[in-house]
Structures are given as structure tokens and as C-alpha cells.
**Student:** 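I'd like to ask you about the structure that follows.
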Amino acid sequence: MAPFASHLVDTTSVSSYFSSFPVKSCELDALPAIQQGLNDTIYGCTTPGSKERKKAEYRHTNPAGNIFGLSLALCEADRVGFVVKFIEFLCIVDDVMEDLPIGEACTGHTILRQALQDSYDEHQYDGGAVSLMRNFLYELRIELASMEDPSTSLLLNTLDSSLRDRDSNDSEFLTLAGYIPYRKMNFDYDFVCQLLRWAMCIPPTIQDDPLARSYEHIIGVIVGLTNDYFSWEMERQEPTDRIRNAVLVLMKEHSVNERQAKLMLKEVIMEEERKARKLLSEIMGLPEEHEPLKRYVAEMELFAAGYSFWCATCPRYHRPQKEESFVEQAKL
């Protein structure tokens with residue numbers, strides 16, 4: 001099935017959006033599929049009044065556009081709903097796990113991974129937030145299996161690896177170069193790339209193309225650091241035993257204040273965009289037989305652009321929720 005119709009977004013009035021990438025939105029036609037995916041995920045993974053449900057609902061109150069409408073313009077229309085479910089699921093996992101000590105978070109991820117195994121027992125661990133998410137993931141796995149797409153097993157294997165690794169490093173990062181591999185892992189970036197390829201029906205072999213891997217890496221750095229740039233004000237106030245943000249890393253690495261670190265981070269992002277544009281131009285000049293690669297990197301640019309635009313405009317980062325607004329804490 002073809003992608004939803006999309007249109008360019010005028011970003012000139014949004015001063016906080018400093019990316020050079022063009023933004024396209026498919027929200028007008030895709031919104032019913034997006035909203036259904038969000039409803040299924042949010043209400044399947046959270047309980048009424050819980051902190052994680054309030055965070056999830058607030059995440060999608062951006063008047064500038066829905067994050068999925070802004071970032072999935074080239075994905076097949078019949079697969080957009082699955083992308084929404086997987087990514088929103090991982091966002092809710094983040095919201096729950098970041099409130100837990102790292103040891104409990106690692107245990108929670110281990111429990112979630114059971115949903116991807118054939119020996120799954122739906123009656124284990126009843127009653128908590130992790131149990132709800134685990135059951136949701138199992139049902140999503142069964143739904144995918146009904147599609148009989150041979151690339152689905154690779155997708156789920158990548159998700160399993162991501163859940164295993166995403167909270168496994170308790171190190172304190174002292175350099176940006178040392179932090180970036182962790183940031184991509186914590187973003188579930190390998191899985192996100194696999195998911196986008198799956199949603200575009202791009203052959204899995206594309207991941208072995210060195211140009212694809214190089215472009216993926218640059219986009220991963222951009223989206224991870226862009227998230228850090230815009231989320232810093234929210235994250236620095238959160239009650240957690242581990243703040244992982246490039247702003248803090250740069251403050252330590254260069255002995256600078258927050259403002260200086262954010263300016264440095266912005267320049268790093270813009271330099272990565274310059275690298276991306278140069279490589280994109282090289283890829284687009286390849287012969288016709290590289291059409292799947294061209295489609296894939298075009299979507300990766302749109303994914304980065306839409307995500308960056310959402311980060312630059314969303315209430316989640318610019319008007320963070322207060323702790324006192326959460327009437328019920330997440331429970332394992």
C-alpha cells in the first residue's frame with residue numbers, strides 16, 4: 001500500500017526550530033490510523049489516572065502537529081498504525097522505567113522481553129504497569145504474526161535486543177564522543193531504523209549497505225542530541241537517580257555552564273546535519289538500481305526533521321508537567 005498523502009510544513013514562524021531539514025506531514029489523512037494506534041497503546045499499557053497515562057496523553061497535545069504525522073510521511077499507510085504502537089509503547093516504557101532505580105528498571109525490561117518469547121505466560125506479574133505493557137506487547141506480537149511477513153521476526157529480534165540493552169549502562173559519561181553510542185542505544189535507535197524499513201517494505205538487506213549505515217548513524221546522532229537539547233529543562237527537574245543528557249555531558253567535559261553547553265550542542269547538531277546533507281546528495285546521485293536506498297534515506301531525513309520540529313514545539317518540553325499533577329505513581 002502507498003504512503004498517506006503528505007505536504008510540506010511551513011516552519012519559518014517557529015523560531016525554536018533551527019534544523020535545515022524540510023518537514024512534511026501526513027497527519028491530515030493519517031490521523032485516524034495514528035489516533036487508533038495511540039488509543040490502543042495508551043489505554044492498553046496504562047491505568048486511569050496514572051502518571052504514565054497523564055504523560056502519554058500530554059505528549060500528544062502539540063498544536064504544531066502530531067509527532068507521527070510529522071515523521072512518517074513515506075511509510076506504507078497500512079503499517080503506520082503498527083509504527084505508532086511500537087514507538088508509543090517504548091515512550092511509555094521510558095516514562096515508567098525512569099522513575100525506578102536502575103536495578104528495578106533492568107528487571108522491568110527483562111519482564112517485558114518475556115512477551116517476545118514462545119513460553120509467554122500472561123498470568124505472571126499481574127497488577128502493575130510493567131504487567132500491562134508486557135501483555136500489550138504480547139498481543140502486538142500475535143497481531144504481527146498474522147501478517148505472515150518474513151521480516152517480522154527480524155523486527156522483533158531487534159526489539160528484544162533493544163529492551164535488553166537500553167538501561168544496561170550505569171556509567172557516568174564525561175565526553176560527548178563516549179556518550180553518543182549510549183544515546184543511540186537508549187533511543188532504541190537500531191529498532192527504530194528496523195521499524196522504519198519494515199514500515200516502508202524496504203528489503204532487510206539494505207542494512208548491510210555501508211552508505212545506509214553511515215546515513216543512519218548521522219541521523220541517529222541528530223535525533224538523539226536534538227531530544228537532549230530540547231528536553232534538558234524538563235529532565236534536569238525530574239526525580240531520578242540518572243540524568244542522561246548531552247547538555248550535562250558537555251558541561252562536565254568543557255567546564256561550562258548550561259547556556260554555553262546548549263550552544264555547543266546546537267552547533268554539534270548543525271554540523272551533523274551538514275554531513276547528512278552531503279551524504280544524501282551523494283546517495284541521490286546513484287543509479288536507478290539504488291532506488292530502495294534512496295527512498296529509505298529520504299524517509300530518514302523526514303523522520304529527523306519531523307521529530308526535531310516536534311521537539312522544538314511540544315508542550316512536553318516547553319511547558320513540562322509538574323510532579324504534583326500526578327496523582328498516582330507508576331508501579332512495577
**Student:** Less than 4.5 Å apart, side chain to side chain, heavy atoms only: is that true for Leu196 and Cys75?
**Tutor:** yes

**Student:** Can you confirm whether Val223 sits close enough to Phe303 that some side-chain heavy atom of one is under 4.5 Å from a side-chain heavy atom of the other?
**Tutor:**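 Counting from C-beta outward, Val223 and Phe303 do come under 4.5 Å.
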
**Student:** Do the side chain of Thr107 and the main chain of Gly103 share a donor and acceptor less than 3.5 angstrom apart?
**Tutor:** yes

**Student:** So which atom in Gly37 and which in Val84 form the shortest heavy-atom distance, rounded to 0.1 Å?
**Tutor:** C-CG1, 3.8 Å

**Student:** What heavy-atom pair brings Arg113 and Asp160 nearest, and what distance separates the two atoms?
**Tutor:** NE-OD1, 2.8 Å

**Student:** Under the 3.5 angstrom rule, does the side chain of Asp228 hit a backbone N or O of Asn245 as a donor-acceptor pair?
**Tutor:**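 Checked: no pair found.
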
**Student:** Are Val268 and Leu174 in one and the same hydrophobic cluster, where Ile, Leu, Val, Met, Phe, Trp and Tyr link if side-chain heavy atoms are under 4.5 Å apart?
**Tutor:**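 No, Val268 does not connect to Leu174 through the hydrophobic network.
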
**Student:** One thing to verify: whether Glu271 and Arg274 come together as a salt bridge, which I'm taking to mean a side-chain N less than 4.0 angstrom from a carboxylate O.
**Tutor:** yes

**Student:** Over all heavy atoms of both residues, which pair between Ser50 and Thr46 is shortest? Give the atoms and the distance, please.
**Tutor:**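 Ser50 and Thr46 have their closest heavy atoms at OG-CB, 3.9 Å.
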
**Student:** To the nearest 0.5 Å, what is the distance between CD on Glu301 and CD1 on Ile219?
**Tutor:**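 Between atom CD of Glu301 and atom CD1 of Ile219 there are 7.0 Å.
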
**Student:** Considering only NZ, NE, NH1 and NH2 on the basic side and carboxylate oxygens on the acidic side, decide whether Arg141 and Asp118 come within less than 4.0 Å.
**Tutor:**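 Answer for the salt bridge query: yes.
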
**Student:** Do Val93 and Leu116 share a hydrophobic cluster (ILVMFWY, side-chain heavy atoms under 4.5 Å, transitive)?
**Tutor:**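 Hydrophobic grouping puts Val93 with Leu116.
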
**Student:** If we only count heavy atoms from C-beta on, is the Phe21 to Arg277 side-chain gap below 4.5 Å?
**Tutor:**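 Side chain of Phe21 against side chain of Arg277, heavy atoms only: contact under 4.5 Å found.
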
**Student:** Can a donor-acceptor pair be found, under 3.5 Å and without considering hydrogens, that links the side chain of Ser281 to the backbone of Lys278?
**Tutor:** no

**Student:** Is it possible for you to say whether Met284 and Leu279 belong to one hydrophobic cluster, with membership spreading through side-chain heavy-atom contacts below 4.5 Å?
**Tutor:** yes

**Student:** If the threshold is 4.0 Å, N to carboxylate O, is there a salt bridge linking Arg59 and Asp94?
**Tutor:** no

**Student:** Report yes or no: do Tyr58 and Met97 belong to one cluster of Ile/Leu/Val/Met/Phe/Trp/Tyr joined by side chain heavy-atom distances under 4.5 Å?
**Tutor:**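 No, Tyr58 and Met97 fall in different hydrophobic clusters.
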
**Student:** Quick one: CE on Met133 to CG on Leu90, what's the gap to the nearest 0.5 Å?
**Tutor:** 10.0 Å

**Student:** Do the side chain of Thr152 and the main chain of Glu148 share a donor and acceptor less than 3.5 angstrom apart?
**Tutor:**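 No.
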
**Student:** Would you mind reporting whether Tyr43 and Glu57 have side-chain heavy atoms less than 4.5 Å apart?
**Tutor:**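 Yes; the side chains approach each other to less than 4.5 Å.
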
**Student:** What's the shortest heavy-atom distance between Pro22 and Leu8, and which atoms?
**Tutor:** CB-CD2, 4.2 Å

**Student:** For the residue pair Arg183 / Asn227, report whether a side-chain donor-acceptor contact shorter than 3.5 Å exists.
**Tutor:**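 Looking only at side-chain atoms, Arg183 and Asn227 do form a donor-acceptor pair, the distance falling under 3.5 Å.
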
**Student:** Between Glu253 (side chain) and Leu176 (backbone), is there a donor-acceptor pair under 3.5 Å?
**Tutor:**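 Yes; at least one donor-acceptor contact below 3.5 Å.
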
**Student:** Checking Arg295 now: which residues fulfil side-chain contact (heavy atoms from CB on, under 4.5 Å) with it, not counting sequence neighbours?
**Tutor:** Met200, Ile202, Glu291

**Student:** Restricting to side-chain contact (heavy atoms from CB on, under 4.5 Å), what partner residues turn up for Ala261, sequence neighbours left out?
**Tutor:**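 In terms of side-chain contact (heavy atoms from CB on, under 4.5 Å), with neighbours along the sequence ignored, Ala261 is linked to Val247, Leu250, Met251, Val256.
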
**Student:** Can you confirm whether Glu233 sits close enough to Glu258 that some side-chain heavy atom of one is under 4.5 Å from a side-chain heavy atom of the other?
**Tutor:**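 SC-SC contact between Glu233 and Glu258 confirmed.
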
**Student:** Is there a donor-acceptor pair closer than 3.5 Å between any side-chain N or O of Thr158 and the backbone N or O of Leu154?
**Tutor:**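 A pair under 3.5 Å: yes.
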
**Student:** Identify the two heavy atoms, one from Cys311 and one from Thr226, that lie closest to each other, and give their separation to 0.1 Å.
**Tutor:** CB-CG2, 4.4 Å

**Student:** Please report the interatomic distance OH(Tyr182) to CZ(Arg244), rounded to the nearest 0.5 Å.
**Tutor:** 4.0 Å

**Student:** Do any N or O atoms from the side chain of Glu273 and from the backbone of Ser20 form a donor-acceptor pair under 3.5 angstrom?
**Tutor:**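 Yes; at least one donor-acceptor contact below 3.5 Å.
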
**Student:** Write out all pairs satisfying salt bridge (charged side-chain N to carboxylate O under 4.0 Å, His left out) with one or both partners inside residues 191-217, taking only residues at least two apart or from two chains.
**Tutor:**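 Non-adjacent pairs meeting salt bridge (charged side-chain N to carboxylate O under 4.0 Å, His left out): Arg197-Glu216, Arg213-Glu216.
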
**Student:** Are His318 and Thr313 close enough that some pair of their side-chain heavy atoms sits under 4.5 Å apart?
**Tutor:**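 Not touching, per the 4.5 Å side-chain cut-off.
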
**Student:** Is the CD atom of Glu172 crowded by more than 12 outside heavy atoms at less than 6.0 Å?
**Tutor:** no

**Student:** Anything under 30° is parallel, anything over 60° is perpendicular, the rest tilted; go ahead and classify Phe136 against Phe89.
**Tutor:**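 Parallel.
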
**Student:** Is the shortest side-chain heavy-atom distance between Ser19 and Phe309 below 4.5 Å?
**Tutor:**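 The answer is no, as the side chains (C-beta and beyond) never meet within the 4.5 Å cut-off.
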
**Student:** Might you point out which heavy atoms bring Val83 and Ala199 nearest each other, and give the distance in Å?
**Tutor:** CG2-CB, 3.5 Å

**Student:** Determine whether a donor-acceptor pair (N or O, by modelled atom type, separation under 3.5 Å) exists between the side chain of Ser231 and the backbone of Met234.
**Tutor:** no

**Student:** Check for me whether the distance between the ring centres of Tyr317 and Trp310 falls short of 6.0 Å.
**Tutor:**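 When the ring centroids of Tyr317 and Trp310 are compared, they turn out to be within the sub-6.0 Å range.
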
**Student:** Is it the case that the side chains of Glu88 and His60 hold a donor-acceptor pair, with the cut-off being a distance below 3.5 Å and no angle test?
**Tutor:** yes

**Student:** Picking from Asp10, Leu302, Thr11, what satisfies side-chain contact (heavy atoms from CB on, under 4.5 Å) with Val23?
**Tutor:**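 Considering Asp10, Leu302, Thr11, a side-chain contact (heavy atoms from CB on, under 4.5 Å) with Val23 is found only for Thr11.
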
**Student:** Heavy-atom distance under 4.5 Å between the side chains of Leu211 and Val297, does that happen here?
**Tutor:** no

**Student:** Among residues at least two apart in sequence or on other chains, which ones pass side-chain contact (heavy atoms from CB on, under 4.5 Å) with Cys26?
**Tutor:** Phe4, Ser6, Ala30

**Student:** Under the ring pair (Phe, Tyr, Trp, His ring centres under 6.0 Å) definition, can you give me all pairs with a residue in residues 191-216, not counting sequence neighbours?
**Tutor:** Phe82-Trp198, Phe86-Phe191

**Student:** Any chance the side chains of Gln36 and Asp40 put a donor and an acceptor closer than 3.5 Å?
**Tutor:**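 On atom types as modelled, these side chains qualify, holding a pair under 3.5 Å.
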
**Student:** Atom OG in Ser161, atom CG in Leu159: separation rounded to 0.5 Å?
**Tutor:** 8.5 Å

**Student:** Quick one: does any side-chain atom of Glu299 pair with a main-chain N or O of Leu74 as donor and acceptor, under 3.5 Å?
**Tutor:** yes

**Student:** Give a yes-or-no answer on whether the side chains of Gln35 and Asn39 include a donor-acceptor pair shorter than 3.5 Å.
**Tutor:**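 Yes, because at least one side-chain N or O of Gln35 sits under 3.5 Å from a partner of the opposite role on Asn39.
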
**Student:** Do the charged groups of Arg166 and Glu98 touch, with an N to O distance under 4.0 Å?
**Tutor:**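 Salt bridge flag = no for Glu98 with Arg166.
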
**Student:** CG/Leu195 to CG/Asp190 distance, rounded to the nearest 0.5 angstrom?
**Tutor:** 12.5 Å

**Student:** Can you sort out the partners of Ser16 under side-chain contact (heavy atoms from CB on, under 4.5 Å), two or more places apart, ordered by chain and number?
**Tutor:**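 Checked Ser16 against side-chain contact (heavy atoms from CB on, under 4.5 Å); matches are Val14, Phe230, Ala312.
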
**Student:** As an exercise, state the distance from CD of Gln321 to CZ of Arg319, rounded to the nearest 0.5 Å.
**Tutor:** 11.0 Å

**Student:** Keeping the roles fixed (side chain from Glu52, backbone from Ile92), state whether a donor-acceptor pair exists under 3.5 Å.
**Tutor:** no

**Student:** According to a 4.5 Å side-chain heavy-atom criterion applied to Ile, Leu, Val, Met, Phe, Trp and Tyr, with indirect links allowed, do Leu31 and Tyr307 form part of one hydrophobic cluster?
**Tutor:**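 Each belongs to a different hydrophobic cluster.
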
